[in-house]
Structures are given as C-alpha cells and as structure tokens.
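Just follow the structure's listing: the first ligand is 1, and inside any ligand the first atom is 1.
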Amino acid sequence: MQRIVVLTGAGISQESGLQTFRGTDGLWNHERIEDICTPQGFRRDPMRVDRFYNGLRAQLPGVHPNAAHLALADLERAGREGRWNGQVTVITQNIDDLHERAGSRNVIHMHGELLRLRCTSCHATPQWRTDCFPDTPCPACGQPTLRPDIVWFGEMPYHMDSIARYLAECDLFVAIGTSGVVYPAAGFVDSVAGHADTMLFNLEVPPGPSAFDQAIVGPATRTVPAWTRDLLEA
Ligand code: BV8
C-alpha cells in the first residue's frame with residue numbers, strides 16, 4: 001500500500017482563476033499581510049478584513065476545479081475502489097473548496113476555509129456562503145463576534161496532530177503549487193526526509209539546493225494528471 005501525502009498551495013487553483021499570493025498579480029501585491037492576514041489587523045479594522053474575505057468568497061461560485069484537482073480526486077477514488085494499491089491524503093494551505101468539489105474526500109485545510117466562519121464568543125463554526133460584516137450576529141449565540149475561519153499569521157494552523165501522523169506514515173510526499181515560504185507547511189518536506197521520497201510540482205523551481213528529490217516544472221493542469229496517469233498505469 002503506497003501512502004502519499006500531497007501538500008497543495010495557491011498554485012494548484014491558479015488555472016481555475018484564483019489569484020496566488022506572491023505571483024505577479026498576487027494578492028499580497030494589493031494588500032499588506034499585516035492588515036489582512038493577522039489577528040491584529042482584524043482587531044484594527046474588521047470591516048476591511050471582512051470585505052477582503054467576502055470578495056474571495058464571492059468568487060468561488062464562478063470558478064471550478066481544474067484537471068489537477070480532478071486528477072488527485074481520481075487517484076484517491078482508484079485507491080478506495082481497489083484499482084490502485086495506495087492512499088492519498090491532501091493537506092491544503094488553500095481556503096477554497098475546489099479539492100472537495102473535484103471529489104477529494106481526504107482533505108485537511110490547515111489554514112482554514114472561506115466557506116466557514118468562527119464565533120469568538122461561543123466558538124461555533126457555521127458554514128457560510130454569503131457576506132459577513134462586523135455586526136453580523138452568530139447564528140448559534142447571536143453575538144456580533146464572527147470572524148473568517150482562517151488561520152492568520154501568528155496563529156496555530158489546524159489539525160497539526162493528524163498532519164504530523166500522516167507525514168510520519170507517508171512514503172511519498174508531494175508538494176504542488178506552493179512557494180514554500182510559509183511555516184510550518186514549508187518545513188514538511190524536511191520532516192519526511194528520512195522515510196519518504198519527495199516531489200515538487202511547480203511553475204518554477206526556487207533557486208539553490210532543493211529540499212525535494214524530484215522537481216517537475218510546468219502548469220499543474222498538465223503535470224499532475226500526467227503523474228497520476230503513470231501511477232495508475234504502473
Ligand atoms: C504559526 C490563510 C505557530 C490566509 C495563510 C519559522 C521560520 C520563519 C517564520 C515562521 C516560522 N514559523 C512560523 C513563522 C511565522 C509565519 C511564517 O511562516 N512567516 C513567513 C512569511 C516567513 N507562520 C505563521 O505565522 C503560521 N503560524 O507558525 O503558528 C506554530 C509554530 C509551529 C507549529 C505550529 C504553529 C501560520 C501561517 C498561516 C498564515 N495564513 N493563509 C489566506 O489564505 O488568506 S498563509 C498563505 O500563504 C497560504 O495559505 C500559504 O500557506 C502561504 C503561501 O502561499 P502559497 O500557497 O505557497 O502561494 P504563493 O503565491 O506564495 O506561491 C504559489 C506557487 O505556485 C508559486 O511557487 C508559483 O510558482 C506556483 N504556481 C503558480 N501557478 C501555478 C503554479 N504551480 C503550478 N501550476 C500553476 N498553474
């Protein structure tokens with residue numbers, strides 16, 4: 001049984017029409033991380049942060065999973081149906097729902113989800129598809145204390161215990177469409193070095209020594225389906 005952990009970043013959703021963070025037209029070119037992606041920024045100007053995530057959330061109905069998302073879902077299904085002797089777990093830094101819409105079931109959102117809010121009074125995490133503003137009442141406790149259910153800088157990523165378990169048990173670690181600059185995600189490849197092979201799928205390969213055994217360069221919608229096809233044919 002092959003155990004594969006796939007770490008995905010904004011690059012896998014780029015060809016679906018969602019901006020990356022650091023690309024030429026990246027999100028961080030238009031907004032300061034300190035203002036939009038920190039608890040301090042939210043305390044300072046919650047309306048601005050809510051508007052930012054309302055904008056990202058409103059984009060989701062207009063975008064669709066691409067061939068890279070679909071290839072990972074197909075590989076997972078082949079394992080479930082016994083057509084392939086393996087298991088895939090997707091650990092995503094992305095807050096969009098394109099992996100699930102592609103059919104992937106083993107998906108861990110380590111940085112949260114756009115389609116979920118969190119109440120800082122009663123800790124409810126309601127599903128949410130529309131806009132949220134600082135005075136929007138929590139559907140569970142009625143308090144106007146909702147925030148995006150997103151992990152901001154300086155906050156502990158979600159599901160770190162199960163992520164550590166999957167990383168410890170995998171025999172192949174694959175990173176797709178991530179720049180590898182944000183931790184702890186950027187450190188996962190080092191944490192599996194002793195027991196798993198490692199592959200990077202990206203548009204460009206960062207300069208200098210790579211932490212990965214293999215790097216496949218190109219758009220994910222081309223490189224990822226080619227890789228899963230080889231796995232299923234092998
Ligand atoms: C924490 C949610 C304590 C919001 C995000 C160690 C050293 C230094 C610093 C730190 C450290 N440990 C912690 C820190 C601090 C900080 C950090 O890493 N800072 C960096 C900037 C130096 N980390 C934290 O604060 C984290 N919390 O550490 O808590 C702790 C400590 C230990 C253990 C547990 C907890 C929390 C970080 C999470 C912040 N929230 N997102 C939102 O989404 O709006 S981060 C956000 O940016 C993403 O989620 C992602 O994680 C990150 C990077 O983005 P990428 O997905 O990689 O996208 P990017 O645009 O950068 O790159 C896209 C890539 O795709 C490019 O390479 C491009 O070439 C490629 N590409 C583009 N198109 C395609 C493509 N590839 C293929 N096909 C294509 N078509």
Side-chain angles (χ1 to χ4, degrees), residues 6-42 48-57 59-60 63 65-69 71-72 90-99 108-116 118 147-164 167 174-191 199-208 210-212 215-227:
V6 178
L7 174 70
T8 62
I12 197 171
S13 296
Q14 185 266 332
E15 294 167 270
S16 293
L18 293 178
Q19 284 166 286
T20 62
F21 292 88
R22 287 173 184 75
T24 38
D25 173 32
L27 285 167
W28 297 146
N29 302 346
H30 310 290
E31 298 280 358
R32 289 179 344 124
I33 287 183
E34 300 83 290
D35 299 334
I36 294 293
C37 201
T38 63
Q40 299 81 357
F42 184 67
R48 180 179 183 178
V49 174
D50 277 343
R51 283 213 173 98
F52 175 76
Y53 288 104
N54 288 346
L56 294 184
R57 195 177 298 113
Q59 280 182 346
L60 286 184
V63 299
N66 61 49
H69 298 106
L72 293 176
V90 173
I91 299 172
T92 188
Q93 300 165 84
N94 299 344
I95 57 179
D96 64 55
D97 63 340
L98 296 180
H99 281 301
I108 297 175
H109 284 269
M110 71 179 293
H111 291 164
E113 299 172 67
L114 264 175
L115 297 178
R116 206 179 277 285
R118 178 150 46 94
R147 59 161 276 179
D149 190 19
I150 307 268
V151 176
W152 288 324
F153 286 94
E155 297 184 322
M156 173 72 88
Y158 294 158
H159 315 298
M160 287 305 291
D161 299 346
S162 49
I163 288 172
L167 291 171
V174 174
I176 303 174
T178 183
S179 56
V181 291
V182 171
Y183 287 78
F188 292 169
V189 61
D190 305 318
S191 73
M199 300 171 75
L200 173 66
F201 290 79
N202 225 34
L203 261 188
E204 84 257 336
V205 174
S210 172
F212 291 85
I216 290 99
V217 177
T221 57
R222 178 166 55 72
T223 58
V224 175
W227 166 62

> With a 3.5 Å cut-off and no angle check, do the side chains of R57 and N54 form a donor-acceptor pair?
Replying inline: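 The answer is yes; a qualifying pair exists.
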> Quick one: do the S13 and H69 side chains pair a donor with an acceptor below 3.5 Å?
Replying inline: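 Side chains of S13 and H69: pair found under 3.5 Å.
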Show me which atoms of ligand 1 lie under 4.0 Å from any heavy atom of [X].
X: G154; answer: 24 (C), 25 (O)
X: E15; answer: 78 (N), 79 (C), 80 (N)
X: I150; answer: 2 (C), 4 (C)
X: G218; answer: 77 (C), 78 (N)
X: P157; answer: 27 (N), 29 (O), 34 (C), 35 (C)
X: E155; answer: 1 (C), 26 (C), 27 (N), 29 (O), 36 (C)
X: T178; answer: 55 (P), 57 (O), 64 (C), 65 (O), 67 (O)

Shortest reach to [atom] by a heavy atom, considering only [options]:
atom: atom 12 (N) of ligand 1; options: Y183, Y158, Y53; answer: Y183
atom: atom 20 (C) of ligand 1; options: N94, V181, L114, I36; answer: V181
atom: atom 47 (O) of ligand 1; options: L200, V205, V182; answer: V182
atom: atom 64 (C) of ligand 1; options: S16, G9, G177; answer: G177

> Can you check whether L56 has an N/O within less than 3.5 Å of an N/O in ligand 1?
Replying inline: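 In fact, backbone or side chain, L56 has no N or O that close.
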> Can you find an N or O of E204 that's nearer than 3.5 Å to an N or O of ligand 1?
Replying inline: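 Among all N and O atoms of E204, at least one is under 3.5 Å from an N or O of ligand 1.
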Please work out, at 4.0 Å between heavy atoms, whether the side chain, the backbone, both, or neither of [X] comes within that distance of ligand 1.
X: C37; value: side chain
X: I95; value: side chain
X: I33; value: neither
X: Q93; value: both

Heavy atom of [X] under 4.0 Å from ligand 1?
X: F201; result: no
X: A68; result: no
X: P219; result: yes

Measure from the side-chain N and O atoms of [X] to the backbone N and O of [Y], and report whether any donor-acceptor pair falls under 3.5 Å.
X: H111; Y: I150; answer: no
X: N202; Y: G177; answer: yes
X: N66; Y: I12; answer: yes
X: E15; Y: A220; answer: yes
X: T92; Y: N94; answer: yes

> Are side-chain heavy atoms of F201 and T8 found at a separation under 4.5 Å?
Replying inline: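 F201 vs T8: side chains apart.
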>> The criterion is salt bridge (Lys or Arg N to Asp or Glu O under 4.0 Å); which residues satisfy it with D97, sequence neighbours excluded?
In response: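 Testing D97 for salt bridge (Lys or Arg N to Asp or Glu O under 4.0 Å), a comparison that skips the adjacent residues, returns R101.
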> Excluding sequence neighbours, so at least two apart, what forms side-chain hydrogen bond (donor to acceptor under 3.5 Å, both in side chains) with S179?
Replying inline: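 side-chain hydrogen bond (donor to acceptor under 3.5 Å, both in side chains) check on S179 returns nothing, list empty.
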> Checking side-chain hydrogen bond (donor to acceptor under 3.5 Å, both in side chains) for the pair Q14/T20: CA distance, chi angles, key distance, verdict?
Replying inline: CA-CA 6 Å; Q14 185 266 332; T20 62; over 6 Å; no
>> I'd like to know if R147 and E155 make a salt bridge, using a cut-off of under 4.0 Å between side-chain N and carboxylate O.
In response: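 Looking at E155 together with R147, the answer is yes, because their closest N to O distance falls below 4.0 Å.
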